[in-house]
Amino acid sequence: MLDQSGSPTAEALHAPVLRWYDANARVLPWREPDAGAWAVMVSEFMLQQTPVSRVLPAYEAWLERWPKPVDLAVEPPGEAVRAWDRLGYPRRALRLHAAAQAIVERHGGDVPDDHAALLALPGVGTYTAAAIASFAFGQRHAVVDTNVRRVLARALTGVAQPTISPTAADQRLAVSALPADEPTAARWAVASMELGALVCTARTPRCGDCPIRSRCAWVLAGSPPYDGPPRRGQTYEGTDRQARGRLLAVLRAASGAVPKKTLDASWPDATQRDRALDGLVADGLVEPLGRNRYRLPS
DNA sequence: CACGCGTGGTC
DNA sequence: TGACCAAGCGT
């Protein structure tokens with residue numbers, strides 16, 4: 001069963017993947033029927049590059065403290081940065097705070113259900129806009145994250161890994177694989193993503209547990225190894241990122257302003273430390289207070 | 001489009 | 001044990 005491009009038809013994948021999802025989906029708080037769009041949005045921000053297991057506690061605390069966008073919007077941005085804890089990439093906290101304010105100003109305090117309006121919010125890109133519209137509002141969108149790119153690369157294109165960075169071709173493939181009717185498309189979006197997260201994983205896919213292994217183009221081709229360009233490994237030790245992390249950790253732990261002398265103790269190299277601190281200030285993650293004191297932004 | 005951006009877990 | 005990986009975004 002091949003289409004004009006020579007790929008297996010996506011349509012054959014829908015039923016088995018949806019059935020698999022019904023039986024195997026993880027129970028996650030943002031998937032509860034009464035979770036609401038704000039909960040979905042908070043989870044999506046936190047899940048951008050951070051694993052579910054580390055998101056869960058921060059997510060619970062966040063929604064407990066700020067159950068609606070307006071609750072966060074009235075807080076100083078530094079509180080969002082502090083509550084972000086060690087999820088990483090703390091600029092996401094700042095963007096979520098700014099998005100909450102935009103929701104209050106532009107949408108009366110309710111997360112918008114319109115894709116374009118979502119996309120216009122700070123920190124909401126192609127993926128997150130589609131995810132919120134699909135997961136929270138049941139709309140039909142191609143929700144293309146790294147999991148979905150990998151599932152489609154294997155099942156339809158027949159290669160071990162998707163391209164290193166997302167391409168227009170990925171997006172087109174995902175759109176073409178979308179079920180026609182809205183509710184089914186919305187279920188397919190979560191289900192295909194969950195399959196990528198639990199079974200069709202990057203390193204050691206559990207093909208024995210896969211509901212579409214008999215139709216997977218990659219498996220049918222004999223599971224050929226990845227032959228693309230080497231992925232750019234992310235080093236961390238000794239980078240500015242690590243220095244920024246150290247500095248911000250000190251500021252998060254403090255209740256108010258911190259003397260520069262205290263920050264100095266958190267990173268040995270003065271040049272790199274100052275560059276990192278300047279970067280944090282430029283990003284709005286840190287606020288200088290007078291000459292020699294710093295704090296989280298008010 | 002390639003890069004910078006945190007943090008921790010896994011094999 | 002050090003890569004590699006994890007529901008991306010903005011520039």
Seminar exercise, completed: Answer for the Watson-Crick or wobble partner of B/dC1, both distances under 3.5 Å, is none
Seminar exercise, completed: Ranking B/dG6, C/dA7, C/dC9 by distance to the side chain of A/Arg31, first place goes to C/dA7
Problem set entry | Sidechain N-carboxylate O distance under 4.0 Å for A/Glu194, A/Arg187 | no
Seminar exercise, completed: When rounded to whole Å, the CZ to P distance for the pair A/Arg206 and B/dT10 reads 14 Å
For this session: Round to the nearest Å and state the distance from A/Leu87 atom CG to C/dC9 atom P.
Result: 16 Å
For this session: For the pair A/Ser298 and A/Arg295, evaluate side-chain hydrogen bond (donor to acceptor under 3.5 Å, both in side chains) and give the outcome as yes or no after the intermediate values.
Result: CA-CA 8 Å; A/Ser298 57; A/Arg295 68 176 180 192; 3.2 Å; yes
For this session: Could you tell me whether A/Trp84 contacts a base, only the sugar-phosphate backbone, or nothing, with contacts defined as non-hydrogen atoms closer than 4.0 Å?
Result: nothing
For this session: Would you mind reading off the distance between A/Arg91 atom CZ and B/dC3 atom C1', rounded to a whole angstrom?
Result: 11 Å
For this session: Look at atom CD of A/Glu60 and say whether more than 12 heavy atoms of other residues, nucleotides or ligands are closer to it than 6.0 Å.
Result: yes
For this session: Using the ring-ring contact (aromatic ring centres under 6.0 Å, His included) rule, take A/Trp38 and A/Trp66 through it: C-alpha gap first, then chi angles, then the decisive distance, then the call.
Result: CA-CA 10 Å; A/Trp38 173 239; A/Trp66 299 308; 8.8 Å; no
For this session: Using the P atom on both, measure B/dG6 against C/dT11 and round to a whole Å.
Result: 15 Å
Problem set entry | Under-3.5 Å donor-acceptor pair between A/Arg92 side chain and C/dA6 base | no
Problem set entry | For A/Trp218, the rest of its hydrophobic cluster, which grows through side-chain links under 4.5 angstrom | A/Val219
Exercise. What is the nucleic acid contact for A/Pro166, judged by heavy atoms within less than 4.0 Å: base, sugar-phosphate only, or nothing?
Worked result: nothing
Exercise. Could you state the interatomic distance from SG (A/Cys210) to CG (A/Leu198), rounded to the nearest 0.5 Å?
Worked result: 11.5 Å
Exercise. Which part of the nucleic acid, if any, lies within reach of A/Leu285 when heavy atoms closer than 4.0 Å are counted: base, sugar-phosphate only, or nothing?
Worked result: nothing
For this session: Using a heavy-atom cut-off of under 4.0 Å over every strand shown, decide if A/Arg252 touches base, sugar-phosphate, or nothing.
Result: sugar-phosphate
For this session: Give a yes or no on whether a donor-acceptor pair under 3.5 Å exists between the nucleobase atoms of B/dG6, that is its base, and the side chain of A/Arg241.
Result: yes
Exercise. Looking at the side chain of A/Tyr236, which of B/dT7, C/dC9, C/dA7 is the nearest nucleotide?
Worked result: B/dT7
Exercise. So what does A/Thr128 hit on the nucleic acid, given a heavy-atom distance under 4.0 Å: a base, only sugar-phosphate, or nothing?
Worked result: sugar-phosphate
For this session: May I ask you to say what A/Thr146 touches in the nucleic acid, namely base, sugar-phosphate or nothing, with a heavy-atom cut-off under 4.0 Å?
Result: sugar-phosphate
Exercise. Do other residues, nucleotides or ligands put more than 12 heavy atoms under 6.0 Å from the CD atom of A/Glu32?
Worked result: yes
Exercise. Around atom CZ of A/Arg231, are there more than 12 heavy atoms of other residues, nucleotides or ligands at under 6.0 Å?
Worked result: yes
Exercise. What integer distance in Å separates A/Leu119:CG from C/dC9:P?
Worked result: 9 Å
For this session: Name the nucleic acid region contacted by A/Leu248, choosing base, sugar-phosphate or nothing; use a 4.0 angstrom heavy-atom cut-off, strictly under.
Result: nothing
Close N/O contacts between protein and nucleotides 1-5 of chain C (under 3.5 Å):
| residue | atom | partner | partner atom | Å |
| --- | --- | --- | --- | --- |
| C/dC4 | O2 | A/Arg203 | NH2 | 3.2 |
| C/dC5 | O4' | A/Arg203 | NH2 | 3.4 |
| C/dC5 | N4 | A/Gln234 | OE1 | 2.7 |

Exercise. What parts of residues 32-68 of chain A reach DNA chain C, counting only heavy atoms under 4.0 Å away?
Worked result: A/Glu44, A/Leu47, A/Gln48, A/Gln49, A/Pro51, A/Val52
Exercise. Taking for each residue the nucleotide of DNA chain C bearing the nearest heavy atom, is the 5' side occupied by A/Met193 or by A/Pro122?
Worked result: A/Met193
Exercise. If you look at every heavy atom in A/Arg92 and A/Gln49, which pair is closest and at what distance?
Worked result: NH1-N, 4.5 Å
Problem set entry | P gap between B/dT10 and C/dA7, integer Å | 15 Å
Exercise. B/dG6 P sits how many Å from A/Glu237 CD, rounded?
Worked result: 15 Å
Exercise. Taking all non-hydrogen atoms of both residues, which atom of A/Met41 and which atom of A/Ala99 are closest, and how far apart?
Worked result: CE-CB, 3.5 Å
